[in-house]
Amino acid sequence: MLLRRAASAAALLVTVLPVTIASPAHAAADAASACRPPASVPLDAEQSRLADARTTALVERGGLGDFVRRFPAALCTTRNPAETGRLLDAWGEALWQASVRRAQGQRPGGDLAPGDDRPLYWARLGMTAALARWQPEFTVDRAALRARFEDASRGLTGNAFRTAPGVRRIFISGFDPFGLDAEIRRANPSGSAALQLNGRRVTLADGSPAEIRAVVLPVRYADFDAGMVERAFTPHLTAGPAAADIITTVSQGYPGIFTLEDWAGRARSADPYPDNARALSGGTRERPVTAPGLGPGPEFIRTTLPADAVTAAVQTPYPVLLNSDVTEIPAGGTAPVDRTDGPTPGSRAVAGGGGGYLSNEVAYRSNRLRAELAPHLPGGHLHTPVLTGLPSDPQALTGPEFERNESAITAEVRAVLEHAAVRR
């Protein structure tokens, strides 16, 4: 028994930090010849928030500080772009797996509640800042390298379903924290739920087994424009071992309630509200726009999740409602109209039930793909309640009410999935 436990612990440690940094002294020696001094480059708007000391505290108190501290030396051990790409894949996947294990109570470290999604967010951002400052002795495509690291550290790679006959496969997405200029301590319960549920075997309401796999997406228009949603969902909507039996996107929505969104709209219309990079979409309520690179599709897409079954079964501690609100420009009209009973024929989308921001867009993009690639699959979007409970002291990063609310939201997301994924 002791030998088995020791072997399991060793295996876990190997997956927490890639073997490329097993010897810090060796990495530092290589760095002297493989890298020029770090560049004094301006960080992007999202990375600039790292200047707030509370972001470092969230990483350290989440037990992920070694990733940020040791990443620059690891970069400097690479000798060419191919090696760098492989290293970023390995480090990204290791950061994701360490965060999942932490969220599920399998990895000790730090004193924040295990389900807190903020350590992953700020650790990833610190590592992308290090990548921006890195000065190798060879030419690299920095944007492409960052994209590889982002995908790997968000669960888009190395995160396949375990194949088992008779096990239903549920694929979900959550989001990073957002609105950080107003409150930098914010978390996102959808991201927390994704981390806590990724890889979990659950028992559905009919007693059958299911496995959940998840990704956490950025709150940035540019990443959506570059196809991150499609990269995340396409493998799970095509035949093969990665195929899902049900998909749903998840994001933070309204105070005190869960909502299943009946309709996703094709438009962006959230300006002047910015994304995490302080970028605007270019679309307003009066002048909605279509996202760049979005494939053909209808103005509105309706959920195919079993809303009646979910709302009949799951109502505590938060009510779960079906939201059929949309905003449209009616056929022949020029002004937006709010409706509570879905869109009218020939109208142009302004906002779905999830508004005109990225939570609506992730629902539209993923379900447009679902309708194209796997129309028989159930799919839709779930909004969680707003996560509340942060202490009034701005230096206090967590508190009992905040942690209870985060746990309760994840438990109810799981309950929703356990009813939604029943074979029908």
Give the C-alpha distance, both sets of side-chain angles, the deciding distance and a yes or no for side chain to side chain donor-acceptor pair (under 3.5 Å) between Thr157 and Glu93. CA-CA 7 Å; Thr157 64; Glu93 289 183 14; 3.0 Å; yes
Intermediate values then yes/no, salt bridge (Lys or Arg N to Asp or Glu O under 4.0 Å), Glu361 and Arg268: CA-CA 7 Å; Glu361 187 168 326; Arg268 290 176 175 174; 2.6 Å; yes
Starting from the C-alpha separation in whole Å, work towards a yes-or-no answer on side-chain contact (heavy atoms from CB on, under 4.5 Å) for Val216 and Val250. CA-CA 10 Å; Val216 176; Val250 187; over 6 Å; no
Verify salt bridge (Lys or Arg N to Asp or Glu O under 4.0 Å) between Arg168 and Asp206, making sure each step is shown before the conclusion. CA-CA 12 Å; Arg168 296 277 283 170; Asp206 65 353; over 6 Å; no
Can you check side-chain contact (heavy atoms from CB on, under 4.5 Å) on Val202 and Leu417, steps first, answer last? CA-CA 9 Å; Val202 299; Leu417 296 176; over 6 Å; no
Run the numbers on Phe161 and Val167 for side-chain contact (heavy atoms from CB on, under 4.5 Å), then give the verdict. CA-CA 10 Å; Phe161 288 104; Val167 177; over 6 Å; no
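Looking at every heavy atom in both residues, Ile246 comes nearest to Ala420 through CD1-O, 3.4 Å. Taking every heavy atom of both residues into account, Ala74 and Leu87 meet most closely at O-CD1, 3.4 Å. Between Gly256 and Pro385 the shortest heavy-atom distance is N-CB, 3.9 Å. Considering all non-hydrogen atoms of both residues, Phe402 and Ala187 come closest at CZ-CB, 3.7 Å. Minimum interatomic distance between Leu195 and Ser99 (heavy atoms only, all atoms of both residues): CD2-CB, 4.2 Å. Heavy-atom minimum distance, Ala210 versus Ile170: CB-CD1, 3.9 Å.
The shortest side-chain heavy-atom distance between Val59 and Pro119 does not fall under the 4.5 Å cut-off. Contact check for Pro400 versus Arg404: side-chain heavy atoms found under the 4.5 Å cut-off. Within the 4.5 Å cutoff, no side-chain heavy atoms of Thr311 are placed close to those of Leu321. For the pair Phe175 and Leu358, the minimum side-chain heavy-atom distance is below 4.5 Å. You'll find the side chain of Glu412 reaches within 4.5 Å of the side chain of Pro317, heavy atoms only. Contact annotation: the side chain of Thr327 never approaches that of Arg339 to less than 4.5 Å [non-hydrogen atoms, C-beta and beyond]. Two residues are said to be in side-chain contact when any heavy atoms from C-beta on lie closer than 4.5 Å; Thr398 and Arg185 fail this criterion. Annotation: side chain of Thr384 is not in contact with side chain of Thr259 (no heavy-atom distance under 4.5 Å).
Residues Ser251 and His381 bring a donor and an acceptor atom of their side chains to less than 3.5 Å of each other. For the residue pair Thr303/Asp262, the side-chain donor-acceptor check at 3.5 Å is not satisfied. A donor-acceptor contact under 3.5 angstrom links the side chains of Asn323 and Glu261, judged on distance only. With hydrogens and angles left out, the side-chain atoms of Glu299 and Tyr364 include no donor and acceptor closer than 3.5 Å. For the 3.5 Å distance criterion, the side chains of Gln196 and Thr410 qualify, holding a donor opposite an acceptor. Side-chain N/O atoms of Arg213 and Asn159 include a donor and acceptor closer than 3.5 Å. A donor-acceptor pair shorter than 3.5 Å cannot be found between the side chains of Asp341 and Ser324. Ser281 and Asp271 share a side-chain donor-acceptor pair at under 3.5 Å. No donor-acceptor contact under 3.5 angstrom links the side chains of Thr128 and Glu150, judged on distance only.
The backbone N or O of Pro241 lies less than 3.5 Å from a partner atom in the side chain of Arg169, making a donor-acceptor pair. For the pair Asn405 (side chain) and Leu387 (backbone), a donor-acceptor distance under 3.5 Å is absent. Without hydrogens or angle criteria, Ser48 side chain to Ala45 main chain gives a donor-acceptor distance under 3.5 Å. Distance alone, capped at 3.5 Å, is enough to place a donor-acceptor pair between the Arg118 side chain and the Leu397 backbone. Between the Asn276 side chain and the Pro177 main chain, a donor and an acceptor come within less than 3.5 Å of each other. Side chain of Asn360 to backbone of Ala264: no donor-acceptor contact under 3.5 angstrom is found. Looking only at distances, a side-chain donor or acceptor of Ser366 sits under 3.5 Å from a matching main-chain atom of Val362. Asn367 places a side-chain N or O within 3.5 Å of a backbone atom of Ala363 that can act as its donor or acceptor partner. Formation of a donor-acceptor pair under 3.5 Å by the Tyr357 side chain with backbone atoms of Tyr273 is not found in this model. In terms of modelled atom types and a separation under 3.5 Å, the side chain of Arg107 and the main chain of Gly63 share a donor-acceptor contact.
Only one option out of Arg142, Arg49, Arg146 pairs with Asp44 in a salt bridge (charged side-chain N to carboxylate O under 4.0 Å, His left out); it is Arg146.
For Arg201, the CZ atom counts as densely surrounded, since its 6.0 Å shell holds more than 12 non-hydrogen atoms of other residues, nucleotides or ligands. Within 6.0 Å of atom CZ in Arg162, more than 12 heavy atoms from other residues, nucleotides or ligands are found, so the atom counts as buried in its surroundings.
A centroid separation of less than 6.0 Å is found between the aromatic rings of Phe71 and Phe149. Not less than 6.0 angstrom separates the ring centroid of Phe258 from the ring centroid of His383.
To the nearest 0.5 Å, atom CG of residue Asp223 and atom CZ of residue Arg220 are 4.0 Å apart. Separation of atoms OG (Ser347) and CD1 (Ile329) is listed at 9.0 Å; rounding is to 0.5 Å. Atom-to-atom distance recorded for Thr304:OG1 and His376:NE2 is 10.5 Å, nearest 0.5 angstrom. The distance from the CD atom of Gln252 to the CG atom of Asn188 is 5.0 Å, given to the nearest 0.5 Å. To the nearest 0.5 Å, atom CG of residue Leu120 and atom CG of residue Asp176 are 7.5 Å apart. Here the CH2 atom belonging to Trp91 is positioned 12.5 Å from the OG atom belonging to Ser153, to the nearest 0.5 angstrom.
Using a 4.0 Å cut-off between charged nitrogen and carboxylate oxygen, Asp181 and Arg278 count as a salt-bridge pair. Salt bridge status for Asp89 with Arg86: absent, with no side-chain N to carboxylate O gap under 4.0 Å. Ion pairing of Asp151 with Arg231 is present here, as a side-chain N (NZ or NE/NH1/NH2) and a carboxylate O approach within less than 4.0 Å. Salt bridge absent: Arg200 and Glu211 never bring a charged side-chain N and a carboxylate O closer than 4.0 Å. Between Asp117 and Arg102, none of the side-chain N atoms (NZ, or NE/NH1/NH2) sits under 4.0 Å from a carboxylate O, so this pair counts as no salt bridge.
In this structure, Phe171 and Phe233 have perpendicular ring planes: the angle between them is above 60°, well past the 30° mark.
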